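Order of the sequence lines fixes the chain letters, A, B, ..., with proteins taken first and strands second; residue numbering starts at 1 for each chain. Given the structure is predicted, the values throughout are model-derived calculations rather than measurements.
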Amino acid sequence: MPLLIPESLLQKEKDHVAGFAPEVAWVTMGGGEQLEEKMCIRPTSETLFCDHFAHVLHSYRDLPMLYNQWCSVVRWEKTTRPFLRSREFWWQEGHTIHETAEEAIAETEQQLNTYADFCEKYLRMPVIKGRKTDKEKFAGAEATYTIEAMMHDGKALQSGTSHYFGDGFSRSFGVTFAGRDNTLQYPHQTSWGVSTRLVGAIIMTHGDDEGLILPPAIAPIEVVIVPIASHKEGVLEKARELALRLKGKVRVKLDDSDNSPGWKFSQWEMKGVPLRLEIGPKDIAQDQCVIVRRDTREKTFVPLAELESKIGELLEALAENIYNKALDNREARTVTCNTMDEIMQKANEANGFIKSMWCGSEECETAMKDKAGLSSRCMPFTQEHISDICPICGKAASKMVIWGKAY
RNA sequence: CGGGGUAUAGCGCAGAUGGUAGCGCGCUUGGUUCGGGACCAAGAGGCCGGGCGUUCAAAUCGCCCUACUCCGACCA
């Protein structure tokens, strides 16, 4: 889809334009000439896809239409933050239309689950699945679902979203198809995305003072081999032999540069390589090597005969450990509150998640922001019954919300 | 948008009361080292963000720009 969106196209869905207009960048000139109609640089591509759908959709037989594109988008943020909030960011955006609401809702859920699984199983980052409040939902959506992660400083990071649009956009853009009963119908739509924000999430979930800690599944190098006293007879040869032996089984790199071993240790730790394999004269004499975990720095002497299996075990142990550490941090920084006083006190003490009931009114949500500096992160799918009243207004409440400070 | 801060070597910084610049890291060369960022020696590297002013003399004082940055409000 194109990079530029004509203003008229952006205007077609009123909630959407109201939500995005304040943060779009506009192109007003072309080759020194003022443009007849200004164009915005896409902040998201729903309008472009809708325009496209209107042209290509004719029959229920064309449905579902499932699109995905990787591109960068621009949102004119007032405050930027490397990886987490940049004015231009690279993302993946999926856009689908379906014959029925049920199908579209299923798609929305499926994608949210895909993101959650990816974060938890591959990035080893625990997330909370839930629904956004109306105040926080995507402009123009009927429902927005989110996965919320907690960074190690206790701040929340929305790590992926999936939206259900109903047929609102379809109606605004005149997207129609001939249905099974030969009547003209509007398809039900979804969109969903994750961005390079996840890179920031990895850094801020797993990293420590020595640098990155990469989850093994996405580490470009899983094992780095550092020869010790590599000038001595046979060391480099042995290191090369091990690298060759591991190649194809695990992503391995031999650092045979002439930097000192200590320098290499620090360097590869900073880059987040999960395992370091040391091989030196003493090891060679005993037919073993030393493997050091990035997360705990724990050293293990490994007989060369058991090399492959031990590497597998250690990678898995590391992956599990970094997930558990992140989860422990989240649990330790999550509190349940019943009164506004309690909430304000906790919010003041430390960053973290605060669970409380909520009556559902936007006034109370705004009050939470004003009084405690907290925004609603989501209404988790897994609800807990804390009480029956909203701590903000005292009226009846049936929804539990997670509040927090967000990046 | 509101309120702070910073700008001096590739990077990080120091340069009170004005006298044309220094430290650490990095880089180059030689030697010794090599199981946690090695050591010694010799080097290279600077329009002190930009402009105007004050002064015999400005990195230093004054005014005006520009860029970056932090904290708020706004947002994936």
Under a 4.0 Å heavy-atom criterion, the protein footprint on nucleotides 66-74 of chain B, written with B, S and -, is ------BBB
The dot-bracket string of RNA chain B, counting Watson-Crick and G-U wobble pairs with both distances under 3.5 Å, using [ ] for crossing pairs and | for pairs to another strand, is (((((((..((((.....[..)))).((((((.....)))))).....(((((..]....))))))))))))....
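To the nearest angstrom, P of B:G36 lies 12 Å from CD of A:Glu269. Atom CG of A:Asn259 is separated from atom P of B:G37 by 13 Å (rounded to the nearest Å). As a whole-Å value, the separation of A:Lys264 NZ from B:G37 P is 14 Å. In this entry the distance linking CD of A:Gln267 with C1' of B:G26 reads 12 Å, nearest Å. When rounded to the nearest whole Å, the span between CD of A:Glu298 and C1' of B:G36 equals 17 Å. A:Leu236 places its CG atom 13 Å from the C1' atom of B:C34, with the value rounded to the nearest Å. Distance A:Asp258 CG to B:U29 P: 11 Å, rounded to the nearest Å.
Contact check of residues 270-285 of chain A against RNA chain B (heavy atom, cut-off under 4.0 Å) returns A:Arg276, A:Glu278, A:Gly280, A:Pro281, A:Lys282, A:Asp283. In the region residues 220-230 of chain A, proximity to RNA chain B at under 4.0 angstrom, judged on heavy atoms, holds for A:Ile228, A:Ala229.
Comparing B:A44 with B:G22, their P atoms are spaced 13 Å from each other, to the whole Å. Remark: the separation of the P atoms in B:C63 and B:U17 is 16 Å, to the nearest Å. The separation of B:A21 from B:C64, taken at their C1' atoms, amounts to 26 Å, rounded to a whole angstrom. Across B:A67 and B:U29, the matching P atoms stand 40 Å from one another, rounded to whole Å. Only the P atoms considered, B:A58 is 11 Å distant from B:G19, to the nearest whole Å. Rounded to a whole angstrom, the distance from the C1' atom of B:C70 to that of B:G18 is 31 Å. Separating the P atom of B:U32 from that of B:G36 is a span of 22 Å, rounded to the nearest Å. Separating the P atom of B:U28 from that of B:G15 is a span of 31 Å, rounded to the nearest Å.
Applying the ring-ring contact (aromatic ring centres under 6.0 Å, His included) test to residues at least two apart or on different chains, the pairs with a partner in residues 112-132 of chain A are A:Phe118-A:Tyr122. Screening residues 236-287 of chain A for ring-ring contact (aromatic ring centres under 6.0 Å, His included), with sequence neighbours left out, gives no hits.
Glycosidic torsion of B:A73 falls outside 90° of 0, placing the base in anti. Against the 90° criterion about 0, the sugar-base torsion of B:U20 places it in the syn range. For B:C39, the base is anti relative to its sugar; the glycosidic angle deviates from 0 by more than 90°.
Looking at heavy-atom distances under 4.0 Å, A:Val194 makes no contact with the nucleic acid at all. Heavy atoms of A:Leu157 sit nowhere under 4.0 angstrom from any nucleic acid atom. Within the nucleic acid shown, A:Phe89 comes within 4.0 Å of at least one base atom, counting heavy atoms only. At the heavy-atom level, A:Ser162 lies nowhere under 4.0 Å from the strands shown.
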### A:Glu136 and A:Ser375: CA distance, side-chain angles, deciding distance, side-chain hydrogen bond (donor to acceptor under 3.5 Å, both in side chains) verdict
CA-CA 9 Å; A:Glu136 298 283 330; A:Ser375 58; 4.6 Å; no
Check your understanding: Could you walk me through whether A:Tyr67 and A:Phe49 pass the ring-ring contact (aromatic ring centres under 6.0 Å, His included) check?
Key -> CA-CA 9 Å; A:Tyr67 285 79; A:Phe49 275 95; 5.6 Å; yes
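Checking A:Thr190 against A:Gln111 by side-chain atom types alone, no donor-acceptor pair falls below 3.5 Å. A side-chain donor from one of A:Ser191 and A:Glu46 sits under 3.5 Å from a side-chain acceptor of the other.
In this structure, A:Lys129 forms no cation-pi arrangement with A:Phe381, as its terminal cationic atom is not both closer than 6.0 Å to the ring centre and no more than 45° off the ring axis.
Of the possible polar contacts, none joining the A:Arg276 side chain to the A:Val290 backbone as a donor-acceptor pair under 3.5 Å is found. The backbone N or O of A:Glu103 lies less than 3.5 Å from a partner atom in the side chain of A:Thr100, making a donor-acceptor pair. Using modelled atom types, one side-chain atom of A:Lys264 and one backbone atom of A:Ser257 make a donor-acceptor pair closer than 3.5 Å.
Residues A:Lys325 and A:Asp328 are not paired through a salt bridge, judged by the lack of any N-O separation under 4.0 Å between the basic side chain and the carboxylate.
Ring geometry for A:His16 against A:Phe138 counts as tilted: the plane angle lies between 30° and 60°, on a 0 to 90° scale. Aromatic ring orientation, A:Phe169 versus A:Phe173: parallel (interplanar angle below 30°, classes split at 30° and 60°).
A:Phe53 and A:Tyr186 have their aromatic ring centers separated by at least 6.0 angstrom.
Within the 4.5 Å cutoff, side-chain heavy atoms of A:Leu277 are placed close to those of A:Leu307.
Across all non-hydrogen atoms, the minimal contact from A:Cys337 to A:Glu342 is CA-OE2, 3.9 Å.
The side chain of A:Ser260 contributes an N or O atom lying less than 4.0 Å from OP1 or OP2 of B:A38.
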